[in-house]
Protein chains: 2
Amino acid sequence: MKTIEEDNKRTEIFKVLSDINRLQMIRILYKSHREMTCSEVGEKLNISKSTVSYHFKLLRSVGLTNTRREGQNKYLSINLVTFKIYLPGFLETL
Amino acid sequence: MKTIEEDNKRTEIFKVLSDINRLQMIRILYKSHREMTCSEVGEKLNISKSTVSYHFKLLRSVGLTNTRREGQNKYLSINLVTFKIYLPGFLETL
DNA sequence: TCTATAGTTTGATAACTAACGAACTATGAA
DNA sequence: TTCATAGTTCGTTAGTTATCAAACTATAGA
């Protein structure tokens, strides 16, 4: 039997992926096969930088993305482990 | 390239699964390997019948469940096709 | 027809979410 | 130290969501 904590984790991940901007962020990162900066992704989606930051924070908070600082930039990438555990096969449907 | 309609469908499905009661409804239906009535599921989750009806309507609206009327009862079951298309491998993680 | 049971819809409410600009923090370059 | 760039946090606002009781609809049985 699964614990309530595990289910809360699941529903949090679904909530984070239930926004069209965040879904597209994940697709962009996944399809590009590389890290990208916040502003790089933000430009593609045509939303303000504060909104981009807000969405990236949510993605990170549930472990869907990794962040790596380098100078002024912060590079984001897909956390494949989380997807494998909670949504196996999903990325391939994008 | 995926269409915006497909992405809207994806995010709607995630939104529906981002609630703890609906996630548990899906698990109960999946694990039981049978159809169940609204009140049967509602009793297990200890929420009012109007709330159960509300959640079931959402599950149905995105095609995650099937409904079959028989007399006074409505029987619900998992729609495996939708899960296979949009969330392959997910049900097995429950 | 009347009654009971199963489920839906309505109306209200409290809590939450996405969006923006403005202000702020952090790092690097001149 | 001053300036510029990248990203975060704050405050606000409009829109959405989960919940319940009450009223309603639909079906079956007496």
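So that the names make sense, note that chain A is the first sequence line, chain B the second, and so on, each numbered from 1.
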### Query
Taking for each residue the nucleotide of DNA chain C bearing the nearest heavy atom, is the 5' side occupied by A:G71 or by B:S53?
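The answer here is B:S53.
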### Query
What are the bounds, 5' to 3', of the part of DNA chain D that sits under 4.0 Å from heavy atoms of chain B?
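Going 5' to 3' along DNA chain D, contacts run D:dT17 to D:dA28.
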### Task
Can you sort out the partners of A:R22 under salt bridge (charged side-chain N to carboxylate O under 4.0 Å, His left out), two or more places apart, ordered by chain and number?
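Listed in chain order: nothing, the list is empty.
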### Query
Among residues 63-70 of chain B, which contact DNA chain C at a heavy-atom distance under 4.0 Å?
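Here the set is empty: none.
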#### Entry: Interface with DNA chain C, restricted to residues 28-40 of chain A and to heavy atoms under 4.0 Å
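DNA chain C contact set from residues 28-40 of chain A: none.
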Residues forming a side chain to side chain contact (heavy atoms under 4.5 Å, CB included) with [X], sequence neighbours excluded:
X: A:S53; answer: none
X: B:S50; answer: B:S48
X: A:E40; answer: A:R34, A:M36, A:T37

### Message
Strictly distance-based, threshold 3.5 Å: is any side-chain N or O of A:T65 a donor or acceptor partner for the main-chain N or O of A:L76?
### Response
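No: the side chain of A:T65 does not pair with the backbone of A:L76.
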### Task
Could you tell me whether a side-chain N or O of A:S32 sits under 3.5 Å from a main-chain N or O of A:I28, the two making a donor and an acceptor?
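Yes, the answer is positive, given that a donor and an acceptor are paired below the 3.5 Å cut-off.
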### Task
Measure the shortest side-chain to side-chain distance between A:F90 and B:P88 over non-hydrogen atoms and say whether it is less than 4.5 angstrom.
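Contact flag for A:F90/B:P88 side chains = no.
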### Query
Hey, does B:N79 have a side-chain heavy atom less than 4.5 Å from the side chain of B:T82?
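The answer is yes, as the side chains (C-beta and beyond) meet within the 4.5 Å cut-off.
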Tell me: [atom1] of [X] to [atom2] of [N], nearest whole Å?
X: B:N73; N: C:dT5; atom1: CG; atom2: C1'; answer: 9 Å
X: A:K49; N: C:dA23; atom1: NZ; atom2: C1'; answer: 10 Å
X: B:Q72; N: C:dA6; atom1: CD; atom2: C1'; answer: 6 Å

## Note on the structure
Quick tally for nucleotides 14-21 of chain C: nucleotides whose base has a protein heavy atom under 4.0 Å get B, sugar-phosphate-only ones S, the rest -, giving ---SBSBB
### Message
Among residues at least two apart in sequence or on other chains, which ones pass side chain to side chain donor-acceptor pair (under 3.5 Å) with B:T67?
### Response
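Side chain to side chain donor-acceptor pair (under 3.5 Å) list for B:T67, sorted by chain: B:R60.
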### Task
Scan residues 68-83 of chain A for pairs that pass salt bridge (Lys or Arg N to Asp or Glu O under 4.0 Å), counting only residues two or more places apart or in two chains.
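Listed by first then second residue: A:E35-A:R68, A:R68-A:E70.
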### Query
Under the salt bridge (Lys or Arg N to Asp or Glu O under 4.0 Å) rule, what pairs show up with a residue in residues 77-94 of chain A, not counting sequence neighbours?
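Of all non-adjacent pairs touching residues 77-94 of chain A, none passes salt bridge (Lys or Arg N to Asp or Glu O under 4.0 Å).
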For residues 7-15 of chain B, which side-chain donor-acceptor pairs fall under 3.5 Å, sequence neighbours excluded?
from: B:D7; atom 1: OD1; to: A:R27; atom 2: NH1; distance (Å): 3.2
from: B:D7; atom 1: OD1; to: A:R27; atom 2: NH2; distance (Å): 2.8
from: B:D7; atom 1: OD1; to: B:R10; atom 2: NE; distance (Å): 3.4
from: B:D7; atom 1: OD2; to: A:R27; atom 2: NH1; distance (Å): 2.6
from: B:N8; atom 1: ND2; to: B:I4; atom 2: O; distance (Å): 3.4
from: B:K9; atom 1: NZ; to: B:V62; atom 2: O; distance (Å): 3.1
from: B:R10; atom 1: NH1; to: A:T93; atom 2: O; distance (Å): 3.2
from: B:R10; atom 1: NH1; to: A:T93; atom 2: OG1; distance (Å): 3.3
from: B:R10; atom 1: NH2; to: A:T93; atom 2: O; distance (Å): 3.3
from: B:T11; atom 1: OG1; to: B:D7; atom 2: O; distance (Å): 3.2
from: B:T11; atom 1: OG1; to: B:N8; atom 2: O; distance (Å): 3.0

### Message
Can you tell me if A:K74 touches the phosphate of C:dA26, counting only side-chain N or O atoms and a distance under 4.0 Å to OP1 or OP2?
### Response
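False: A:K74 side-chain N/O out of range (4.0 Å or more) of C:dA26 OP1/OP2.
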### Task
Hey, could you give me the CG/CG distance between B:L94 and B:L23, rounded to the nearest 0.5 Å?
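Taking CG in B:L94 and CG in B:L23, the distance rounds to 6.0 Å.
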